[in-house]
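Here the structure is laid out as C-alpha cells; the discussion comes afterwards.
Read the numbers this way: they start at 1 and go in the same order the structure lists the ligands and their atoms.
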Amino acid sequence: MKSPDFEYARVKNLADVFALQKLHGESAQILAGGQSLLAVMNLRMANPQMLIDIGDLHELRGIEHTKNTVRIGALTTHHDILTSAVVQQHIPLLAQAVPHVAHLAIRNKGTIGGSLALGDPAAEYPAVALALNATLILKSAKSERRVSARDFFISLYRTAVKPDEILVAVEFPVATSDQRFVFLELSRRKGDYAIVGLAAAFTLKGKTVSDCALAYMSVDDKPVLAPLAMEAMEGETIDASSIAQAQKALDKDLNPAGDLQGNTATKKQLARVLLSRALMQAGEQHV
Ligand SMILES: Cc1cc2nc3c(=O)[nH]c(=O)nc-3n(C[C@H](O)[C@H](O)[C@H](O)COP(=O)(O)OP(=O)(O)OC[C@H]3O[C@@H](n4cnc5c(N)ncnc54)[C@H](O)[C@@H]3O)c2cc1C
C-alpha cells in the first residue's frame with residue numbers, strides 16, 4: 001500500500017519547524033528517520049498533511065558528556081548510540097539495550113528522538129529512559145521545557161510532546177560505580193519487539209540494594225515502573241527469599257492485557273522470570 005498524499009518540507013533550522021507547526025497545527029508531523037512514521041503512513045494508519053523533515057538539523061545530532069549527564073541529541077541514530085564509547089562507559093543500561101533495537105538498516109536511519117517521541121510501549125529506549133529517570137528536552141518557538149521520563153509517557157503512542165514542540169535532546173544521568181544495570185527482553189526472534197522486556201537499575205552497597213528502578217516494556221499501553229517490586233527490594237540483599245518477595249509484589253504491579261504474543265498469565269510469568277534473572281545477574285556484576 002502507498003501513503004495518502006502529503007506536503008513535504010526539509011527544514012534548515014528550528015525556526016522553520018515552528019513556523020510550519022504554527023501554519024499546519026496538528027496536521028503536521030515531524031519526520032526524523034521515518035522508520036516508524038513512513039511505515040504507518042503506508043499502512044494508512046497515520047495521515048499527516050505536512051511532513052516536516054528535520055534531517056538537516058545537524059545540531060540535533062550528537063552525544064555530549066558533561067560532569068553528571070550525557071546529553072544525546074534527538075537526531076542521533078541507533079547506530080551512533082551502538083558505537084558510542086561514551087554510552088558504553090557512562091550509560092551502561094542504554095548500551096545493553098541498543099543491540100535489541102531492530103536491525104542494521106533500521107539502526108542506520110532510526111533516531112532516539114523518534115523512538116522516544118513515538119512512545120511505543122514495546123520499544124527499548126522508553127523503558128531505559130524511565131528506569132534511569134532521564135530528562136527530555138522539548139522546545140517550542142517561545143520556550144524550552146525539561147520533562148522527566150516519569151511524566152513523559154502518557155498512554156499508547158501519547159507523550160508529553162505538544163503539537164507546537166519538538167524533542168531536541170534527552171539527558172541521562174552518568175552511572176556511578178556502585179550502580180548495577182541489567183537490560184533483558186524476551187522476543188521471538190532477535191530484533192523483534194519484545195514480548196516482555198525489563199530495564200533494571202539499582203545501587204548495590206556491599207550486598208544491599210537501594211534506589212531500585214524496574215521499568216517494564218510490552219506489559220501496558222506505555223512503559224511502566226513496578227513500584228511494589230521496587231519497594232520490596234529496598235534494603236534487601238539479593239537472594240532466593242528477596243527475589244521471591246519481589247516477584248510476589250510484581251504480581252500486584254502488572255496487569256498486562258494479552259496480545260498476539262502472549263496472554264496475561266504468560267506475560268506475568270515472563271515478567272517474573274526477567275525480574276529474577278535481572279537481580280541474579282546484577283548481584284554477580286563487578287565494576
Ligand atoms: C522492521 C522494523 C523493526 C523495528 N524494530 C524495533 C525494535 O525492536 N525496537 C524499537 O525500539 N524500534 C524498532 N523499530 C522502530 C525504529 O526504531 C524507529 O526508528 C523508531 O521507533 C522511530 O525513530 P525514527 O527516527 O525513525 O522516527 P520517525 O519514524 O521519523 O518518527 C516517529 C514518530 O516520532 C515523531 N518524531 C520524530 N522525531 C521527533 C522529534 N525530534 N520531536 C518530536 N517528534 C518527533 C514523528 O512525528 C513520528 O510521530 C523498528 C522499525 C522497523 C521498520
Using 4.0 Å as the upper bound for N to carboxylate O, is an ion pair formed by Asp192 and Arg189?
yes
Asp192 contact mode with ligand 1 (heavy-atom cut-off under 4.0 Å):
backbone
Measuring from non-hydrogen atoms of His78 to any atom of ligand 1, is the shortest distance under 4.0 Å?
yes
Under 3.5 Å, N or O to N or O, is Ile30 touching ligand 1 that way?
yes
Decide whether an N or O pair under 3.5 Å exists between Val101 and ligand 1.
no
Specify the protein heavy atom at minimum distance from atom 29 (O) of ligand 1: its residue, its atom name, and the distance to 0.1 Å.
Leu37 N, 2.7 Å
Would you kindly specify which portion of His103 sits under 4.0 Å from ligand 1, judged on non-hydrogen atoms: side chain, backbone, both or neither?
neither
Would a hydrophobic clustering, with Ile, Leu, Val, Met, Phe, Trp and Tyr connected at side-chain separations under 4.5 Å, put Leu136 with Leu132?
yes
Where is the nearest protein heavy atom to atom 48 (C) of ligand 1: which residue, which atom, and how far?
Gln29 OE1, 3.6 Å
For the pair Arg272 and Asp251, find out whether any cationic side-chain nitrogen is under 4.0 Å from an anionic carboxylate oxygen.
yes
Around atom 44 (N) of ligand 1, find the nearest protein heavy atom and jot down its residue, atom name and distance.
Ala117 CB, 3.4 Å
Hey, do the aromatic rings of His78 and Tyr125 have their centres closer than 6.0 Å?
yes
Tell me the protein heavy atom at minimum distance from atom 11 (O) of ligand 1, and give that distance in Å.
Glu124 OE1, 3.0 Å
Which ligand 1 atoms, with their elements, are less than 4.0 angstrom from a heavy-atom of His100?
8 (O)
Using distance alone, decide if ligand 1 has a nitrogen or oxygen within less than 3.5 Å of any nitrogen or oxygen in Gly33.
yes
Short list, please: which atoms of ligand 1 are under 4.0 Å from a heavy atom of Ser36?
15 (C), 18 (C), 20 (C), 21 (O), 22 (C), 26 (O), 29 (O)
Any Lys/Arg nitrogen of Asp56 or Lys12 sitting under 4.0 Å from an Asp/Glu carboxylate oxygen of the other?
yes
contact_flag Ala39 ligand 1 heavy-atom lt 4.0 Å
no
What atoms of ligand 1 come closer than 4.0 angstrom to any heavy atom of Ala32?
25 (O), 30 (O), 37 (C), 38 (N)
Under 4.0 Å from a heavy atom of Ala74: give me the atoms of ligand 1 that qualify, with their elements.
41 (N)
Protein contact to atom 40 (C) of ligand 1 [nearest heavy atom, distance to 0.1 Å]
Leu167 O, 3.8 Å
Per-atom filter on ligand 1: closer than 4.0 angstrom to a heavy atom of Ile106 are 1 (C), 2 (C), 3 (C), 16 (C), 51 (C), 52 (C), 53 (C)
So, Lys267 and Asp259, do they make that salt bridge, N to O below 4.0 Å?
yes
Judged by modelled atom types alone, do Ser36 and Asp120 share a side-chain donor-acceptor pair under 3.5 Å?
no
Would you mind checking which non-hydrogen protein atom is closest to atom 50 (C) of ligand 1, with the distance to 0.1 Å?
Tyr193 OH, 3.5 Å
